Amino acid sequence: MSRDYDVIVIGSGAAGLSAAVAAADAGARVLVAEADTQVGGSSRLSGGHFYAAGTSLQAAAGVQDSADAMYEHYMTLNQWLVQPNVVRRYCDLSAPTFEWLQTFGVRFAADGLYRSGVGSTPRGHRPEGSGEAVVQHLDAARAARNVDLVLDARVDSLVTDSDGRVCGVRIGGDEASAGAVIVACGGFGANAQLLAAHYPSAAASGDWQWYIGSPHAQGDGLRLGQDAGAAIEGHDRGLLLVTPGFSRDLEVLLPGWVVLINQAGRRFADETAPYTVLAGLIHKQGGPVYAVFDEPARAAARRSPMSQAYWVDEVLAQKADDGVIVRAPSLEALAAATGIAAEALAGTLAGYNADVTAGSDRQFFKPVASGARSIGTAPFYAVEVRANVVCWTGTGLRIDADAQVLSTAEAVIPGLYAAGETVGSLHGDRYIGGGGSFGPCIVFGKLAGENAARFALGLNE
Ligand SMILES: Cc1cc2nc3c(=O)[nH]c(=O)nc-3n(C[C@H](O)[C@H](O)[C@H](O)COP(=O)(O)OP(=O)(O)OC[C@H]3O[C@@H](n4cnc5c(N)ncnc54)[C@H](O)[C@@H]3O)c2cc1C
């Protein structure tokens, strides 16, 4: 039976382009359908960091690492509440796929290797030129393989044959047939309804919540997959960053000179803890959390590479004048205005100040070099911070370790594959670290491309 294509890939981000290139290299005739007027999706906006173990970059830096060690860390951090077979496949393929990516011209300099997340082993690999360069190189590889690309072509629905095999896509009034379809539509960060349904922690910050990725991250992958009977994996998954919500500027870290205080008047974290865990800690407090500081800290706050928009002397003064930040003449007044338990706040700050004077944070081990300073000179300030910036979403289609989409009946949906942020099987309560979303996009994109091509070409035999 003649088909328009062997493999149709929906979406041209890191996952979709990796899938398309791999499928073409496996001998398939491939079409990429992209809703936007340009390729790249959120991947093009991204840092493009790749979380991987056992790579050539690590070896060159003298870092001993392995898929086994990565797997153990990944599973432990997520309390085993992720699909072990899918995580294992990611760990096993992370290094070979990282090397594969470089064959298209993507470069990772020696200083691009860093400790991302909370692990002690450096597994974050930062590409030269960020995600945009990765997309450009992958798209050039796509074009060099004569893989067709249609832009401005949002796939509306999948076509399924009488045997239940996914055999094509519909775009507007057009239909294209294929041996297999790969869903690589990205996440749903730009869709408020889906955030409310699948990522309540993100939706909880109300008007403060905003999304940093592509406006086309509408969750089409979930809808397309579910219409074909796919199961959804994971709930309330993704990455949120913490801000005081003054504006929509992306700043990843809090300054070391604030303390985070919950309603009980206690600190609960090193305020400079990795962004991979800080949002989760804030949510665990069960109520508003305030960043507290004093007048000398405010007056000394200067624009820095870390903060241009929020933690700056005149911005803080203005926000206090506007009533966005609570400014109070005493700690008691600050507590009264914020609902923080007053006695505990006083005790917490007394202990913290003693630690700062002694040169070591004996409770939460915040590094002294982070800029920690005593908080004791009025006026005092408190500004609510929330984990409100959605970076990516982690609830998605349930796949097996071969990137085949699984149905609600726990059966493979023939002809349907998925990769990238559309997939939910890898992400648990905690983000593994920088590169933990982009890395799986490339790994499962390539794998989906290879497997979909094999499946589709097998139909011809
Ligand atoms: C600013 C920023 C920085 C980031 N930095 C990092 C980082 O350093 N490391 C990391 O691990 N993660 C990072 N992330 C997250 C990571 O980049 C994304 O999770 C990842 O790039 C998603 O890739 P993808 O291919 O799955 O989706 P995308 O790159 O979003 O591609 C999906 C494509 O599908 C298209 N599409 C959607 N619906 C349809 C449809 N119905 N029909 C056709 N096409 C459709 C979209 O237009 C889009 O082009 C970052 C994200 C952002 C926004």
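All values reported here derive from a predicted model rather than from experimental measurement. Read the numbers this way: they start at 1 and go in the same order the structure lists the ligands and their atoms.
An N or O contact shorter than 3.5 Å is missing between A419 and ligand 1 by distance. Below 3.5 Å of separation, one finds an N or O of S42 facing an N or O of ligand 1. At least one N or O atom of G47 sits closer than 3.5 Å to an N or O atom of ligand 1. Residue G41 has at least one N or O atom closer than 3.5 Å to an N or O atom of ligand 1. Inclusion of A15 in the set of residues having an N or O under 3.5 Å from an N or O of ligand 1 is warranted. By the 3.5 Å distance cut-off applied to N or O atoms, H49 is counted among the residues near ligand 1. Ligand 1 has no nitrogen or oxygen under 3.5 angstrom from a nitrogen or oxygen of G16. Residue contacts with ligand 1: Y431 is placed with a nitrogen or oxygen under 3.5 Å of a nitrogen or oxygen of the ligand (distance criterion only).
A salt bridge does not link R44 to D139: none of the charged side-chain nitrogens sits closer than 4.0 Å to a carboxylate oxygen. We find that D148 and R29 are not joined by a salt bridge, their nearest charged nitrogen and carboxylate oxygen being 4.0 Å or further apart.
Remark: side-chain polar atoms of D152 are not paired, donor with acceptor, to backbone N or O of T37 under 3.5 angstrom.
Proximity annotation for atom 47 (O) of ligand 1: of R223, E34, R44, R126, E34 comes nearest, heavy atoms only. Distances from atom 24 (P) of ligand 1 to the heavy atoms of S43, A35, A418 put S43 nearest. Nearest-residue assignment for atom 2 (C) of ligand 1 (options G394, S46, S437; heavy-atom criterion): S46.
Only the backbone of A184 comes within 4.0 Å of ligand 1, judged by heavy-atom distances. Contacts with ligand 1 closer than 4.0 Å are made by side-chain heavy atoms of C441 only, the backbone lying farther away. Contacts of F438 with ligand 1, taken as heavy-atom pairs under 4.0 Å, involve both backbone and side chain.
In this structure, the protein non-hydrogen atom closest to atom 1 (C) of ligand 1 is L45 O, 3.4 Å. From the protein, the heavy atom lying nearest to atom 27 (O) of ligand 1 is G186 CA, 3.3 Å. In this structure, atom 51 (C) of ligand 1 lies nearest to the protein heavy atom C391 O, 3.8 Å. Protein heavy atom in closest approach to atom 15 (C) of ligand 1: W392 CD1, 3.7 Å. With respect to atom 41 (N) of ligand 1, the closest heavy atom belonging to the protein is D220 OD2, 2.7 Å.
Residue A33 places a heavy atom less than 4.0 Å from ligand 1.
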Q) Please walk me through it: do W392 and Y431 pass ring pair (Phe, Tyr, Trp, His ring centres under 6.0 Å)? A) CA-CA 10 Å; W392 56 269; Y431 185 38; 5.0 Å; yes
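E72 CD: 12 or fewer foreign heavy atoms inside a 6.0 Å radius.
The closest side-chain heavy-atom distance from L239 to R430 is not below 4.5 Å.
A side chain to side chain donor-acceptor pair (under 3.5 Å) check over residues 272-288, counting only residues at least two apart or in different chains, returns the pairs N262-Q285, D270-T272. Identified under the side chain to side chain donor-acceptor pair (under 3.5 Å) test for residues 405-420, with sequence neighbours left out: R398-E410.
Residues S177 and R3 bring no donor and acceptor atom of their side chains to less than 3.5 Å of each other.
Taking the ring centre of Y114 as origin, the terminal cationic atom of R126 falls inside the region bounded by 6.0 Å and 45° from the ring axis.
Just one residue in the list K319, R302, R303 forms a side-chain hydrogen bond (donor to acceptor under 3.5 Å, both in side chains) with E314, and that residue is R303.
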